[in-house]
Structures are given as structure tokens and as C-alpha cells.
There are 2 protein chains.
Amino acid sequence: MLEKKIADKIHEIRKNKGLTLAQLGDATGLSKGLLSRIENNQVSPPIATLSKIARGLEVPIGIFFEEDETDREGYAVTYKNDRKQVIRRGTKTGFTYYSLTSLKSRHFIEPFIIRYPVIEKEPNKLFDHPGEEFLLVLKGEMDLVYGKKKIRLKAGDAIHFDPSTPHRGQNAGKEESECLVIVIDEDTLKAKS
Amino acid sequence: MLEKKIADKIHEIRKNKGLTLAQLGDATGLSKGLLSRIENNQVSPPIATLSKIARGLEVPIGIFFEEDETDREGYAVTYKNDRKQVIRRGTKTGFTYYSLTSLKSRHFIEPFIIRYPVIEKEPNKLFDHPGEEFLLVLKGEMDLVYGKKKIRLKAGDAIHFDPSTPHRGQNAGKEESECLVIVIDEDTLKAKS
DNA sequence: CTAAAAAGTTTAATAAAAGAAAAAATGTTT
DNA sequence: AAACATTTTTTCTTTTATTAAACTTTTTAG
């Protein structure tokens, strides 16, 4: 039941922040009695009221509507200096891959570091593949060519995208750029089931 | 204003689906008069009512609270300075999460930046969950407590592991440490098939 | 262990939203 | 442009949320 969860989330966040009903009442302009009944799921507050509560708790209101997060060796460390360079099929475009995992058992996350050298002329090849991809820029500046768009990303920026659209990463600065890439392969997903 | 947006979204989605107020009324069990006033922002409906509308429109209720609709494009950029802090339920352990995605459609990769403050005494809580996890240290030094082991990791080091073993990340130095974490949730995987 | 204080819950009165149906507006056909 | 049909808005009554204050439970202090 949706509102049950909301009630619990409000209660939990309030408690985590060490607030009393009276304090939250002050912060929101709502009576503590009402807050009590909301937390106990006795009333279904209007959006306006929930919005006040979110502001009072200093959380985005969307939190209340997010789906729940579930809650031998089993691991593989890759130390910075032990990164293993990988040759991936069909990547003759100058950049370098380093795998960040050595897990042999079936897994979904495929983590890489990619280094893009400075380029003179823009390549034209684009790649597409089913699955899901995530990229975090670690160093320098780069462009993600994505379909007809070109998205400029700097160190610390991230992008999460559907790789079935033709795309390509490339350096966009005067120094080498580096990024972390996570790929999930559709086939691996299917093999799971 | 929040509710204004919600009203507009309901109207837009309903129109997009080619539904009349009466049809949506049938689908939701609400009167068309009420729906009219909700769309015209004359009332602030309780969550229960909004929930019914979401079901009637066959959309996740969270849609009404999303900031923007980046999803249509197939990608979601998170610029370094726009990282959104996330409150994950049950994390009272001091560290801070930032989500690196705003994709709303079903996805597998859940990317976070986690900041670990310097600690005095070691916490004792461990977390375990089904799925798969990957971690890359971006700054500082940290320990991954994994079952009975403690794995020391420095900037640039990575670990790929099975999160069903109880585990915890924690700072292991004199300055704040930071890491990228990728989680894949088992439930999401199952939902796929 | 008891008293006082703080936190939380319930009660009774008021304000606001929901349902049903009438009125207005919009669109279509002739 | 009139008449009809459909969609939307408004009206009136009923139901529900909200406040303020009384009440109960839990925590703190002596």
C-alpha cells in the first residue's frame, strides 16, 4: 500500500534527523497532531501537505514515491597499478581500455577505464549495442557523440544512457582524458533467466 | 509551484492518451467533476486520490514528482555540480550518497558517489543485499569490510564483489574519501525476465 | 521508584476535498 | 447559424483532512 510506505518514510526520516513532531510542526507549519496521524497512516494528506513535510525534512518530495530498495571470496580487487589492458574487438580507434574486474563467475557489471588520446580530426565511426551503459569522466574533457547530439562532459560529470543509439566517446581537450565506463550486456541479462 | 505542475501533467497525460474526464473517472473511480478541479488546480488531492489517478493513467505515481523528463532522449547527464544527494532508507552511518543517474525508465545500473567522512571509532553495522556491486575509489583511502576480511583500497583501486556477503565501506585515512559505486539490484534483474 | 518534562496520540470544532447532478462551454452536423 | 451531442466546469451536499487543546505514553531527573 502506497501511503503506508509514505507514512513510514516520513517517520523514519524524521527520526533519522532527530526531530520531534513539534519541531517538524514548526518547520512545516503543520500541527503535531496532524503529523502524528499522517505518520500513523490515519489520513491521506493532500499533495500540498506532503510538499510542506518534504520541505520541512529537507528532502525532495520524490523520495516518498520511490520504489523500495531491497534490501569463498566473492570479490575481485583491481589495484590501480595492476589494471590490465584489454583489447576489445573492433576498437581500432586509438583509445585504450583497462578492465577493472577479474571475476570469472557470471556477472553483469563490466567495468572499464578508457583513455582517450588528444585527437586531430574527428573519427566517424559510431557503435551501438543492446544493454545499458554508464560513464563517469575521471580526467580531462570529452564529448559523447550520441545519435545526432554531442554532449560535452568534464571531470566529475556522468552520463547514463541507452547504448542502442549509435554513440562514441572522444577527447575534447588538449590533454588525455580518462573515464570510467560500466556496460551491461543485454545477452548476459538474458542468459540469467 | 509543485501542484500546478502535477495538475498540468495529469492533464497532459490524459490528453495524450485520448481520455475524457468521464473515462478517467471510470478508470479511477473518481468523479469527473473532481478530476476537472484537480486538473485546474482548484484542489490539492490527497495522495490516495493521486495514486488512483496514476493507476487510471497507467503511469507510475513518481512521474508527477519528477523534475524533468530527460528520459525521452535515452540518456541522463549528471553534471558534477548537479549531483543530487540521496537519502537511502536505513543509512544512518554518516556517509553521503549522490546519485549519478536520473533515468526513470527501468534500468539496471545504479550509480552513486559515496563520501565517507573520517571516522573515530569503527561502526559495526554491515549490509548485505542480493545483486552485484562494483566500487572504484576516487579520492582518499578506504576499507571495504567484507565478511570477515578488511580490504584496503586507495584512489584508483577498484573492487567488484557479490554484495550478498555482509559488507561496509568506511574511511581509512585522515581525509574524506570518495568512491564511485555501481549497484545492480537482483530484483530489477528478475523483473526483466 | 516517583515526579516532572517531553513526546506522541486522540478529541471536538473548522476548513477543505469528494460525489452527484445541473449548467456552461465546445465541437459537429446539417 | 441552429440543433444536437460531447466534454468540461460549477453548484450543492457529504465526507474527510486539519487545527488547537486535552489526554496518554514515554523519557528524564532526583
Side-chain angles (χ1 to χ4, degrees), chain A residues 1-66, chain B residues 1-66 87 89-93 124-125:
Chain A
M1 194 58 195
L2 178 58
E3 291 135 67
K4 179 60 179 1
K5 288 185 195 163
I6 292 175
D8 290 346
K9 283 187 182 175
I10 293 172
H11 181 81
E12 184 178 350
I13 294 169
R14 178 174 66 81
K15 282 298 189 184
N16 273 341
K17 300 214 170 191
L19 296 172
T20 68
L21 289 175
Q23 289 172 316
L24 184 58
D26 285 347
T28 57
L30 302 168
S31 69
K32 59 180 180 172
L34 175 60
L35 291 171
S36 166
R37 292 166 49 175
I38 288 172
E39 288 190 356
N40 288 292
N41 207 37
Q42 291 173 14
V43 300
S44 175
I47 314 302
T49 304
L50 192 68
S51 174
K52 285 178 193 165
I53 293 171
R55 282 197 296 274
L57 291 171
E58 296 174 346
V59 296
I61 192 173
I63 277 188
F64 301 128
F65 299 93
E66 286 170 10
Chain B
M1 195 58 199
L2 178 59
E3 290 137 67
K4 179 60 179 1
K5 288 185 196 163
I6 292 175
D8 290 346
K9 282 186 182 174
I10 293 172
H11 182 80
E12 183 182 346
I13 295 169
R14 178 174 66 81
K15 282 299 188 186
N16 273 341
K17 300 212 170 192
L19 295 172
T20 69
L21 289 175
Q23 289 172 316
L24 184 57
D26 284 346
T28 58
L30 301 169
S31 68
K32 56 187 179 170
L34 174 59
L35 291 170
S36 167
R37 284 185 306 182
I38 288 172
E39 289 189 356
N40 288 292
N41 207 37
Q42 291 172 13
V43 298
S44 174
I47 314 302
T49 303
L50 193 67
S51 174
K52 286 177 193 166
I53 294 172
R55 283 198 296 274
L57 292 172
E58 297 175 345
V59 296
I61 191 173
I63 277 189
F64 301 129
F65 300 93
E66 284 169 16
I87 312 292
R89 281 163 54 100
T91 50
K92 183 62 191 142
T93 332
N124 52 3
K125 247 181 226 150

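Every value quoted in this text rests on a predicted model; they were computed, and no experiment measured them. We name chains A, B, ... by the order of the sequence lines, and we start the count at 1 in each one.
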In the structure I gave you, are the side-chain heavy atoms of [X] and [Y] within less than 4.5 Å of one another anywhere?
| X | Y | result |
| --- | --- | --- |
| A:F64 | A:V59 | yes |
| B:I61 | B:I53 | no |
| A:E12 | A:K15 | no |
| A:T28 | A:L57 | no |
| B:I6 | B:N41 | no |
| B:T49 | A:S44 | no |

Of all residues at least two apart in sequence or in a different chain, which pass the side-chain contact (heavy atoms from CB on, under 4.5 Å) check with B:T20?
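Scan of B:T20 (side-chain contact (heavy atoms from CB on, under 4.5 Å), adjacent residues dropped) gives B:A22, B:Q23.
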Please list, chain by chain and in numerical order, all residues satisfying side-chain contact (heavy atoms from CB on, under 4.5 Å) with A:Q42, sequence neighbours excluded.
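For A:Q42, the residues satisfying side-chain contact (heavy atoms from CB on, under 4.5 Å) (neighbours in sequence not counted) are A:R37, A:N40.
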I want to check one thing: is the phosphate of [N], taken as OP1 and OP2, less than 4.0 Å away from some side-chain N or O of [X]?
| X | N | answer |
| --- | --- | --- |
| A:Q42 | D:dT18 | no |
| B:N40 | D:dT9 | yes |
| B:T49 | C:dA18 | yes |

Atom pairs, protein N/O to nucleotides 26-29 of chain C N/O, distance under 3.5 Å:
none

Atom-pair distance ([atom1] on [X]; [atom2] on [N]), nearest Å:
| X | N | atom1 | atom2 | result |
| --- | --- | --- | --- | --- |
| A:E39 | D:dT18 | CD | C1' | 16 Å |
| A:N41 | D:dA17 | CG | P | 10 Å |
| B:K52 | C:dA17 | NZ | P | 15 Å |
| B:R14 | D:dT9 | CZ | C1' | 12 Å |
| B:I47 | C:dA18 | CD1 | P | 11 Å |
| B:L21 | C:dA21 | CG | P | 17 Å |

So which nucleotide from C:dA18, D:dT18, C:dG8 ends up closest to the side chain of A:P45?
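Between C:dA18, D:dT18, C:dG8, the one nearest the side chain of A:P45 would be D:dT18.
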Any idea which of C:dG8, C:dA18, D:dT8 is nearest the B:V43 side chain?
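Out of C:dG8, C:dA18, D:dT8, the nucleotide with an atom closest to B:V43's side chain is C:dA18.
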Look up atom CD1 in A:I38 and atom CG in A:L50, then write down how far apart they are to the nearest 0.5 Å.
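These two atoms lie 7.5 Å from each other.
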Can you pull out how bent the helix from C:dC1-D:dG30 to C:dT30-D:dA1 is, comparing the axes over its first five and last five pairs, to 10°?
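About 40°, once rounded to a multiple of 10°.
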Looking at residues 22-37 of chain B, who's got a heavy atom less than 4.0 Å off DNA chain C?
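Of all residues in residues 22-37 of chain B, the ones placing a heavy atom under 4.0 Å from DNA chain C are B:G29, B:L30, B:S31, B:L34, B:R37.
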Closest approach of A:S36 and A:L21, non-hydrogen atoms and distance?
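Looks like CB-CD1, 3.8 Å.
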Using salt bridge (Lys or Arg N to Asp or Glu O under 4.0 Å) as the criterion, list what pairs up with A:R14, not counting sequence neighbours.
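So A:R14 forms a salt bridge (Lys or Arg N to Asp or Glu O under 4.0 Å) with A:E39.
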